[in-house]
2 protein chains.
Amino acid sequence: MEGVSGNKYGGILRFSRDDPARVSETVDSPSRKPRADAERNRLRLLDTAKAVFGEKGPSASLEEIAREAGVGIGTLYRHYPTRDALIEAVYRNETGQLAAAATQLSAAHPPVEALRLWLLLFIDYLGTKYGMAAVFGSVTGGTAALYAACNSGTPEAIALLTDRAVASGEIRLDMDPIDLLRAIAGVASAGPGWQETARRLVDILIAGMRTS
Amino acid sequence: MEGVSGNKYGGILRFSRDDPARVSETVDSPSRKPRADAERNRLRLLDTAKAVFGEKGPSASLEEIAREAGVGIGTLYRHYPTRDALIEAVYRNETGQLAAAATQLSAAHPPVEALRLWLLLFIDYLGTKYGMAAVFGSVTGGTAALYAACNSGTPEAIALLTDRAVASGEIRLDMDPIDLLRAIAGVASAGPGWQETARRLVDILIAGMRTS
DNA sequence: TTATTTCCGGAGACGCCCTCCACTTAGTCT
DNA sequence: AGACTAAGTGGAGGGCGTCTCCGGAAATAA
């Protein structure tokens, strides 16, 4: 369908086997139509995975996900050959809206304010999509590749905002802007009420980056 | 049923190395002297665990640790009934020096500078004792209790520094100071060169907290 | 030395990861 | 419609982990 089929266009997620149907789809495809049940299973898996990851974090049992989705474990692995592939598929869409918001905010607000608002939005995302924080901040088991894939668009989004703010001369930033997000995600490991803290941290960061 | 030998003295409060108190402390237990081999095994386990955790992170195989220490898996579990207990024992001493440094720095430097230096020291610690960062920042599998135990003394240490800096009127801080550490630990998940970033982050944080 | 208590250590039950492949089924062809 | 065939299914099985349990070994006390 819609969002999920983003995989078939998104370059990073690769299917384990060569998939002529998909590959040649851009060209004219003489190949047979993909089976309906396969797609159905894939969606069920994706939904279930989203639920389970959201509940138990990104290290939840894949067998449980397969069981709960009503498919065999083999089917899960067919669609998502690695845990990372599944996590990536689950969280891929999330960041899209964040990226979009960056452009919007950038157009509607002065540079620094746009950055600030976007960081607050980022906090909201970390909150609603629980598990994202874990994915974002996890060292343990968190591949760099996975990280990059899961947050595709995010680096560009924040780069857009910081570049603009830096260009305006209002702030100075001698680091990869993504590290701002890492810092924020860091406090997300705290208990309830962390969002308050995170928001305060945003203020501190902004203030600290200001060229005075 | 049994008090696991190490934990019987109050688990959390026990020091891993020499414990002279133990000999004379047999007030209400006229029982026999603890066996020498038990203590020996415990120390071997501790050393091995420190090495292995340092190399593979806090999710290393406990079986491997036992194997490498030359004891049975049962022995490991006897001394450290849970993975968390072992991690705690390994990292308990680490923070002691950090805590001590806080007092020292506090006495030798102006408030804000002391705080800054201590945060830099914290970064060094995260670097040298690899795995600490993982323990510190991990949401996945990281119990809150474990977190607290592993970093005993640290909250007090940074509280001392921030309280002093706040009292001097030079900075403002509307959050638990430990969250500063969480933020710093957050960037430790970045690749090589993270220490540079972390140091820059410290500057930003300090600047951001300043009451101008 | 003998008795007693503590401690060792690995077998075993169970869960999870991932692979492999005999079988089923959806789309296609006649 | 029915047969054909590749795509897709699902679960058994091997490897590795965690954690428990308890018979037997070893250290201490008498």
Side-chain angles (χ1 to χ4, degrees), chain A residues 8 15-25 29-46 48-49 52-53 56-87 140-141 143 146, chain B residues 1-9 22-23 26 29-46 48-49 52-53 56-87 140-141 143 146:
Chain A
K8 98 174 97 171
F15 292 85
S16 58
R17 325 231 174 273
D18 295 354
D19 198 339
R22 252 174 243 283
V23 167
S24 54
E25 191 169 23
S29 158
S31 189
R32 150 195 300 221
K33 184 163 98 184
R35 284 173 54 158
D37 57 341
E39 188 66 5
R40 214 179 336 155
N41 280 334
R42 217 172 53 77
L43 291 182
R44 291 217 51 176
L45 279 171
L46 203 57
T48 310
V52 174
F53 281 149
K56 313 202 168 182
S59 60
S61 159
L62 297 185
E63 281 185 337
E64 178 185 342
I65 292 175
R67 214 180 310 127
E68 206 150 313
V71 306
I73 183 67
T75 300
L76 185 152
Y77 275 95
R78 156 165 282 267
H79 289 297
Y80 304 101
T82 66
R83 170 185 295 276
D84 283 3
L86 180 55
I87 294 181
T140 347
T143 323
L146 167 65
Chain B
M1 62 170 247
E2 100 292 7
V4 167
S5 76
N7 289 342
K8 132 166 78 171
Y9 295 97
R22 178 174 308 171
V23 182
T26 56
S29 70
S31 70
R32 71 170 58 186
K33 186 164 89 182
R35 281 172 55 161
D37 58 340
E39 188 65 5
R40 213 177 339 157
N41 280 334
R42 213 172 56 80
L43 290 182
R44 291 215 52 176
L45 240 10
L46 202 57
T48 309
V52 175
F53 281 148
K56 314 204 167 180
S59 61
S61 158
L62 297 185
E63 278 185 340
E64 179 185 340
I65 291 174
R67 214 180 310 126
E68 206 151 312
V71 305
I73 183 66
T75 301
L76 186 152
Y77 274 95
R78 156 166 284 267
H79 287 299
Y80 304 100
T82 67
R83 164 180 239 98
D84 284 3
L86 181 55
I87 295 180
T140 349
T143 324
L146 168 66

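Lettering follows sequence order; numbering is per chain, from 1. Heavy atoms only: backbone and side chains are in, while hydrogens, waters and symmetry mates are out.
Taking atom CG of residue A:Leu86 and atom C1' of nucleotide C:dC16, one finds them 15 Å apart after rounding to whole Å. Rounded to an integer number of Å, the gap from B:Arg78 CZ to D:dA26 P is 16 Å. Summarising the geometry, the separation between CD on A:Glu68 and P on C:dC16 is reported as 12 Å, rounded to the nearest angstrom. The distance from atom CG of B:Leu45 to atom C1' of C:dC7 is 13 Å, rounded to the nearest whole Å. For the pair A:Glu39 CD and C:dT25 C1', the computed distance is 17 Å after rounding to whole Å. Residue A:Leu76 contributes atom CG, which lies 16 Å from atom C1' of C:dC20 at whole-angstrom precision.
For A:His79 and D:dG8, the shortest distance from a side-chain N or O to OP1 or OP2 is not below 4.0 Å. An OP1 or OP2 oxygen of C:dG9 is reached within less than 4.0 angstrom by a side-chain nitrogen or oxygen of B:Thr75. For D:dG8, the OP1/OP2 oxygens have no side-chain nitrogen or oxygen of A:Asn41 closer than 4.0 Å.
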Heavy-atom contacts, protein to nucleotides 15-21 of chain D, under 4.0 Å, summarised as B (base), S (sugar-phosphate only) or - (none) per nt, yield --SBBB-
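A:Leu46 has its side chain within reach of A:Tyr80: a pair of non-hydrogen atoms, C-beta onward, lies under 4.5 Å apart.
Checked against salt bridge (charged side-chain N to carboxylate O under 4.0 Å, His left out), A:Arg35 has the following partners two or more places apart in sequence or in another chain: A:Asp37.
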Checklist line | CA sep, side-chain torsions, deciding dist, call: B:Ile87, B:Thr82, side-chain contact (heavy atoms from CB on, under 4.5 Å) | finding: CA-CA 9 Å; B:Ile87 295 180; B:Thr82 67; over 6 Å; no
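With hydrogens and angles disregarded, no donor-acceptor distance shorter than 3.5 Å links the side chain of A:Arg83 to the backbone of A:Ser61. With hydrogens and angles ignored, the 3.5 Å screen pairs a side-chain donor or acceptor of B:Thr48 with a backbone N or O of B:Arg44.
The pair B:Glu64-B:Arg67 does not meet the salt-bridge criterion, since no charged nitrogen lies less than 4.0 angstrom from a carboxylate oxygen.
Taking CG of B:Leu45 as the start and CG of B:Leu76 as the end, the distance is 4.5 Å to the nearest 0.5 Å. Between the CG atom of A:Leu86 and the OH atom of A:Tyr77 there is a distance of 9.5 Å, given to the nearest 0.5 Å. To the nearest 0.5 Å, the span separating NE2 on B:His79 from CD on B:Glu39 amounts to 8.0 Å.
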Provide a list of protein-nucleic acid N or O atom pairs under 3.5 angstrom, restricted to nucleotides 27-30 of chain D.
residue : atom : partner : partner atom : Å
D:dT28  : OP1  : B:Ala36 : N            : 3.3
D:dT28  : O2   : B:Arg32 : NH1          : 2.9
D:dT28  : O2   : B:Arg32 : NH2          : 3.4
D:dA29  : OP1  : B:Lys33 : N            : 3.4

